[in-house]
Amino acid sequence: MKNAVRFRDLTLGYDRHPAVHHLNGEVADGTLLALVGPNGAGKSTLLKGIVGLLPPLAGTIERGVPASDVAYLPQIAEIDRSFPIAVYDLVAMGLWRKAGLLGRIGRNERATIGKALATVGLEGFEDRAIGTLSGGQMQRALFARLLLQDARLILLDEPFTSLDSGTVADLLELIRRWHVEERTVITVLHDYEIVRARFPEALLLARSPVAWGPTAEVLKPENLLRARRMSEAFDDRAAVCEVHTEHAA
Amino acid sequence: MHDLFIAPFAEFEFMRRALVGMLALSLGAAPIGVFLMLRRMSLTGDAMAHAILPGAALGFLVAGFNLFAMTLGGIAAGFAVAIGAGVVARVTQLKEDASLAAFYLVSLALGVLIVSMRGSNIDLLHVLFGSVLALDNATLILLAAFATVTLLVLAVVWRPLVLECVDPGFLRSVSRAGAPVHIAFMALVVLNLVGGFHALGTLLAVGIMMLPAIAARFWATDLTRMIAIAVAVAFASGYGGLLLSYHLGAPSGPAIILVAGVLYAASLALGPVGGLRRRFAPGRHLEA
């Protein structure tokens, strides 16, 4: 089976301090993976690394898909909600790779955009300014944009934070569909109930990987406890790491 | 009516030229102003406008009132300050607004000094406040060319520019266009300020860029409409200001900017989007 992502002795971090430490493993194509762990465990950092926004301090990330086939929804999107732009145009940005600078948004594209808006339940919101959307509606719009990106590898960073249960259920349904379509989805989540119910595979991270495999195994109490103990704060005077794993080059 | 609103332009060629110059300036500068405002860079425009002075002044020192020397000098100085301020902000702890302030204050002082070394006080006034009533053919062609380049470049970079304003993180994740688009945009800012410099002078050039854009904010919730309104307000200011200066014998540059200021105040008071009217006379609330 092809790999969507492979980590080899990967260390990611800021200012030489590791936020993800010596991670090895692979995410098979079509996996629905939950990325769990305490705050500061390196979950968001790992996603940034996969997207390519953060170069590794050591080790490598190999992606089985080109950059154009990766869609990424950051935890706090840097969206300027006071900008005078309609929901329709925000969602249409998902076609960037197809349309580019000057590509035409023709009848087919408009139909695709309309379908994406309908799928996330935002029909009738096309002309609304993005500043008038609620938090849940905004997240729905961003999911519609992800739909249009039509990517093989989808990375979601805490997509359900501060959303009501109805919205979460609708968005989970979209994720399930992506899984059925054999796309690879990696989602950072804090709600273990959702992870247990909806995600077959989980990676528990506390800077170093604690457990990775079938969700029921990974989310055992002893693993969770270990993860909590391992996630202390940065030590400003930490010594240079001398760990060498078998994969290290 | 005819005497009041049309005769000045029908009778005098310099008035017609000024009107055409203002049309070109409105088409180029107003859309740029809208983007500056939406990116919270309104004062950056002001700083850049001051920054082009020493370059234009050097051109003046070398060649007198020579269009090309002053244009070239202005563009060079504008780029130098834009790049310099950007580099200082990235390399040191200083924020970009502070470094721009430092650069432009020095530029302004230097520019005034250089002009005074060679020219008279009249020349200085000319440089600071422009001479929209004395536009010759070459200057008009230059203004028209700047407007054309501005509109063409905006058309090409429109999508990434809007994307960079709305959701820079998304643009970074799908494309590397962010940096080149930003540079192209800053180049357009410099170009339009140099154009404005010829008509309205260093101190007022930024007025025709920003005031119409800010006024348009109160009338539209949609970017395209906002830009169309900004262009209309800019041209109306040019037309109204020229009439005012003709009938009252007032200096034309300040008259144009003052009319833009009046239109801004009117928009602030009457505009339907987030203005004073909404605040103090909101009307009864709607059904859910």
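When reading the values below, keep in mind they use all heavy atoms of this one structure, side chains included, and skip hydrogens, waters and symmetry mates. All chains are named by letter (A, B, ...) in the order of the sequence lines, taking the proteins before the strands, and each is independently numbered beginning at 1. Predicted model, so just to flag it, every value in this text is computed and none were measured.
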Separation of B/Ser173 OG from A/Tyr72 OH (nearest 0.5 Å):
8.5 Å

As an exercise: rank A/Gly103, A/Ser68, A/Gly131, A/Ala129 by heavy-atom pairs under 4.5 Å with chain B and give me the winner.
A/Gly103

Any chance you could measure B/Met226, atom CE, to A/Ile85, atom CD1, to the nearest 0.5 Å?
11.5 Å

Tell me, for A/Ala99 versus chain B, whether the close heavy atoms (under 4.5 Å) come from the side chain, the backbone, both or neither.
both

Where does B/Arg217 contact chain A at under 4.5 Å (heavy atoms): side chain, backbone, both or neither?
side chain

Among the listed options B/Ala220, B/Cys165, B/Ala155, the residue most often paired with chain A at heavy-atom distances under 4.5 Å
B/Cys165

Are the side chain of A/Arg97 and the backbone of B/Val174 linked by a donor-acceptor contact shorter than 3.5 Å?
yes

For atom OH of B/Tyr264, is the number of surrounding heavy atoms from other residues, nucleotides or ligands below 6.0 Å larger than 12?
no

Could you give the distance from CG (A/Leu90) to CG (B/Asp167), rounded to the nearest 0.5 Å?
7.0 Å

Report yes if some heavy atom in the side chain of B/Arg172 is under 4.5 Å from a heavy atom in the side chain of A/Pro74; otherwise report no.
no

By a 4.5 Å heavy-atom criterion (distance strictly below it), what part of A/Ser82 contacts chain B: side chain, backbone, both, or neither?
both

A/Ile130/B/Val166 under side-chain contact (heavy atoms from CB on, under 4.5 Å): CA gap, chis, key distance, verdict:
CA-CA 10 Å; A/Ile130 57 170; B/Val166 182; 4.1 Å; yes

Contact origin within A/Arg81 toward chain B - heavy atom pairs under 4.5 Å
neither

Find out whether B/Leu38 and A/Pro84 are in side-chain contact, i.e. whether some heavy atom of one side chain is under 4.5 Å from a heavy atom of the other.
yes

